[in-house]
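Since the structure comes first, as structure tokens, the remarks are kept for the end.
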Amino acid sequence: MPTAPSPSERLAVGAFSVFLVGAVLAPIRQNRRAEKRDGFPLSYYPMFSARRPARHTVHHFRGIDSAGGFVTVPYTCAGIGGFNQVRRQIHRIVQEGRAEELCVQVAAEVATRHRLRAVRRLQLVMARYDLDDWFLDTTRAPVRLRVLAEVAVPHA
Amino acid sequence: MRALERRWLAPAPARRLAASRVVIGAFSVHYLLRRRRMLAGIAAQDERLYAPVGAAPLAPRPLPERTARAITDATLASGVAFTAGAGHRVSGPAHAALLLWTLSYRNSWSMVFHNDNLMVLHVAVLGLSRSADAWSVDATLRPRTARSATTGWQYGWPLRLMRTVTASTYFLAGVAKVAGPLGWRWATGESLRRQVAADGVRKEVLGKPAAPAAYALYRHVALFRILAVGSLAVELAAPAMLLSSRLSRLWALNAFAMHWGTWP
């Protein structure tokens with residue numbers, strides 16, 4: 001036969017429940033702020049809410065082989081925290097004006113990758129891609145590209 | 001208020017709560033095991049990228065790699081004990097605290113992963129409640145005379161709290177969309193379509209193949225409109241699932257479909 005909770009048990013369960021639900025809902029205030037701040041594990045869940053233009057800008061690396069051809073350099077050369085974290089880190093480092101420094105670090109990593117042995121030079125670029133071109137016309141060329149840093153790959 | 005209290009503290013089977021502990025605990029262990037190497041390795045990253053969130057501000061500077069590895073392993077060990085219901089009075093709160101720490105630290109390197117949030121919150125509720133009174137090492141070792149009731153008020157409220165927390169997070173995600181720069185125009189689906197496309201472009205240029213579905217579906221604008229309207233409905237209507245178990249099940253099915261449909 002189930003027993004009923006005592007008054008102190010009711011109070012403890014009630015307080016914990018109200019506290020947790022209140023804490024989870026509290027970040028809703030961020031929506032009204034000009035400078036929004038996300039947190040963990042209490043978030044206002046801003047993913048997917050931003051306005052997305054028809055052209056998307058992304059910072060990425062590209063290798064150049066001895067014939068002048070471009071080689072895709074995987075994000076894993078720049079960090080180990082997973083795709084989205086590394087992408088954000090690249091963006092942040094560029095914003096901090098450390099593109100050259102990052103390019104040197106990644107070039108050193110590229111030099112250790114057997115699959116990238118053909119890469120002679122490495123560029124960190126800021127490229128803008130037209131989403132319709134990319135997905136409907138399969139035109140992969142950026143509509144705008146700026147080389148932020150370029151270094152030689154220090155192959156042994 | 002009395003009615004709400006009665007409903008919140010209504011009895012439930014101990015096994016129902018125990019099943020949640022086993023499933024969510026096993027998931028947390030699997031999640032950590034798959035990321036064990038990365039979780040230890042992120043400590044070796046550029047210190048300037050460290051921006052502590054959650055519990056991580058307790059360590060204003062990145063931890064030494066060896067310490068990060070030890071904490072990850074301790075989190076894994078506590079997760080195994082939590083899932084098995086062994087020493088739950090200690091392993092429950094310990095796993096909740098260690099998981100909060102480990103994933104706060106993981107999210108402190110320039111990117112907050114929102115998919116970790118509910119797992120941390122659910123483990124906290126399960127770790128601090130009597131979720132190991134059934135289907136656990138503790139219950140097996142307890143003398144038969146000292147075993148807990150199979151049904152009681154202690155086993156219902158944690159499930160209701162997890163459900164309320166889940167509904168709240170989805171509701172917040174819906175509010176963020178309509179409170180964002182697009183407002184209700186988010187429901188046209190254009191923003192969702194471009195989000196999926198931008199994600200595909202990023203992946204391709206950063207050396208990770210985009211989902212083939214992104215290419216197949218991009219031209220179908222109407223499909224993204226349906227997905228956007230469906231997503232908003234699931235998110236903003238999430239609190240309604242708290243009204244009945246039947247609505248909860250219906251909502252869960254729709255939420256599953258939403259995640260499946262928007263998985264990049």
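Each chain gets a letter, A, B and so on, in the order the sequences are listed, and its residues count up from 1. Every value quoted in this text rests on a predicted model; they were computed, and no experiment measured them. Below, all heavy atoms of this structure are taken into account, side chains as well, without hydrogens, waters or symmetry copies.
- For A:Arg32, no part lies under 4.5 angstrom from a heavy atom of chain B.
- With a threshold of 4.5 angstrom between heavy atoms, B:Trp186 approaches chain A through side-chain atoms but not through N, CA, C or O.
- Atoms CZ and CD1, on B:Arg37 and A:Ile80 in that order, are 8.0 Å from each other to the nearest 0.5 Å.
- With a threshold of 4.5 angstrom between heavy atoms, B:Tyr170 does not approach chain A through any atom at all.
- Only the side chain of B:Gln45 comes within less than 4.5 Å of a heavy atom in chain A; its backbone stays farther off.
- Neither the backbone nor the side chain of A:Ala127 comes within contact range of chain B, judged by heavy atoms closer than 4.5 Å.
- Around CZ of A:Arg33, the count of heavy atoms belonging to other residues, nucleotides or ligands within 6.0 Å exceeds 12.
- Within the 4.5 Å cutoff, the side chain of B:Arg193 has no heavy atoms near those of the A:Leu131 side chain.
- The most heavy-atom pairs under 4.5 Å with chain B, out of A:Arg87, A:His91, A:Arg55, A:Glu9, come from A:Arg87.
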| message | Using the rule given for side-chain contact (heavy atoms from CB on, under 4.5 Å), can you reason through B:Arg106 versus A:Gln85, listing the C-alpha separation, both sets of side-chain angles and the distance that settles it, and then say yes or no? | response | CA-CA 10 Å; B:Arg106 188 265 185 280; A:Gln85 191 165 82; 3.3 Å; yes
| message | Using the rule given for side-chain contact (heavy atoms from CB on, under 4.5 Å), can you reason through B:Leu206 versus A:Val86, listing the C-alpha separation, both sets of side-chain angles and the distance that settles it, and then say yes or no? | response | CA-CA 10 Å; B:Leu206 283 160; A:Val86 172; over 6 Å; no
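- For the options A:Glu96, A:Arg140, A:Arg62, heavy-atom pairs under 4.5 Å to chain B are most numerous at A:Arg140.
- Proximity to chain B (any heavy atom under 4.5 Å) is restricted, for A:Thr72, to the side chain, taken from C-beta onward.
- The 12-atom threshold is not exceeded at CZ of B:Arg69, counting heavy atoms of other residues, nucleotides or ligands nearer than 6.0 Å.
- The aromatic rings of A:Phe135 and B:Tyr215 sit tilted relative to each other, their planes meeting at an angle between 30° and 60°.
- Within the 4.5 angstrom heavy-atom criterion, only side-chain atoms of A:Arg92, from C-beta onward, approach chain B.
- In terms of heavy-atom pairs under 4.5 angstrom with chain A, the leader among B:Ser191, B:Gly200, B:Pro181, B:Ala179 is B:Pro181.
- Counting heavy-atom pairs closer than 4.5 Å to chain A, the top-ranked of the candidates B:Ile42, B:Leu49, B:Leu118, B:Asp46 is B:Leu49.
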| message | Go through it in stages, so that I can follow the logic: the residues are A:Val21 and B:Ser168, the test is side-chain contact (heavy atoms from CB on, under 4.5 Å), and I'd like the CA-CA distance, side-chain angles, deciding distance and then a yes or no. | response | CA-CA 8 Å; A:Val21 175; B:Ser168 302; 4.1 Å; yes
| Given the rule in the side-chain contact (heavy atoms from CB on, under 4.5 Å) test, do A:Tyr45 and B:Glu235 qualify, once you have shown the distances and angles that lead to the verdict? | CA-CA 11 Å; A:Tyr45 299 93; B:Glu235 289 171 349; over 6 Å; no
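- When each of B:Val175, B:Asp116, B:Thr169, B:Val178 is checked for heavy-atom pairs under 4.5 Å with chain A, B:Thr169 comes out on top.
- For a residue to count as touching a neighbouring chain, one of its non-hydrogen atoms must lie under 4.5 Å from one of that chain's; by this rule A:Val58 touches chain B with the side chain only.
- Checking B:Trp157 against A:Ser17 by side-chain atom types alone, no donor-acceptor pair falls below 3.5 Å.
- Using a 4.5 Å cut-off between heavy atoms, A:Phe61 contacts chain B through its backbone alone, with no side-chain atom that close.
- Checked against B:Arg202 for a side chain to side chain donor-acceptor pair (under 3.5 Å), the options A:His59, A:His60, A:His56 give a single hit: A:His56.
- In terms of non-hydrogen atom pairs under 4.5 Å with chain B, the most contact-rich of A:Lys36, A:Gln30, A:Met47 is A:Met47.
- The distance from the NZ atom of B:Lys203 to the CZ atom of A:Phe83 is 6.0 Å, given to the nearest 0.5 Å.
- Counting heavy-atom pairs under 4.5 Å between each of B:Gly207, B:Ser129, B:Ala210 and chain A puts B:Gly207 at the top.
- For a residue to count as touching a neighbouring chain, one of its non-hydrogen atoms must lie under 4.5 Å from one of that chain's; by this rule B:Leu39 does not touch chain A.
- A donor-acceptor pair is defined here as one N or O able to donate and one able to accept, closer than 3.5 Å; such a pair exists between the side chain of B:Arg194 and the backbone of A:Arg52.
- B:Leu172 is not listed as a side-chain neighbour of A:Ser43, based on a closest heavy-atom distance of 4.5 Å or more.
- Heavy-atom neighbours of B:Arg163 CZ from other residues, nucleotides or ligands within 6.0 Å: above the threshold of 12.
- Interatomic distance, B:Arg48 CZ to A:Ile93 CD1, rounded to the nearest 0.5 Å: 7.5 Å.
- Contacts between A:Arg98 and chain B at a heavy-atom distance below 4.5 Å involve the side chain alone, from C-beta outward.
- Only the side chain of B:Val120 comes within contact range of chain A, with heavy atoms under 4.5 Å apart.
- When B:Arg160, B:Met119, B:Glu204, B:Gln154 are compared by the number of non-hydrogen pairs under 4.5 Å with chain A, B:Glu204 comes out ahead.
- Between B:Leu100 and A:Phe40, the shortest heavy-atom contact is O-CE2, 4.3 Å.
- Separation of atoms OH (B:Tyr218) and CG (A:Asp132) is listed at 3.5 Å; rounding is to 0.5 Å.
- Counting heavy-atom pairs under 4.5 Å between each of A:Gly39, A:Gly82, A:Pro27, A:Pro46 and chain B puts A:Pro46 at the top.
- Between chain B and the options A:Gly14, A:Pro53, A:Ala78, heavy-atom pairs under 4.5 Å are most frequent for A:Pro53.
- Comparing B:Val205, B:Val112, B:Val201 by heavy-atom pairs within less than 4.5 Å of chain A, the highest count is held by B:Val205.
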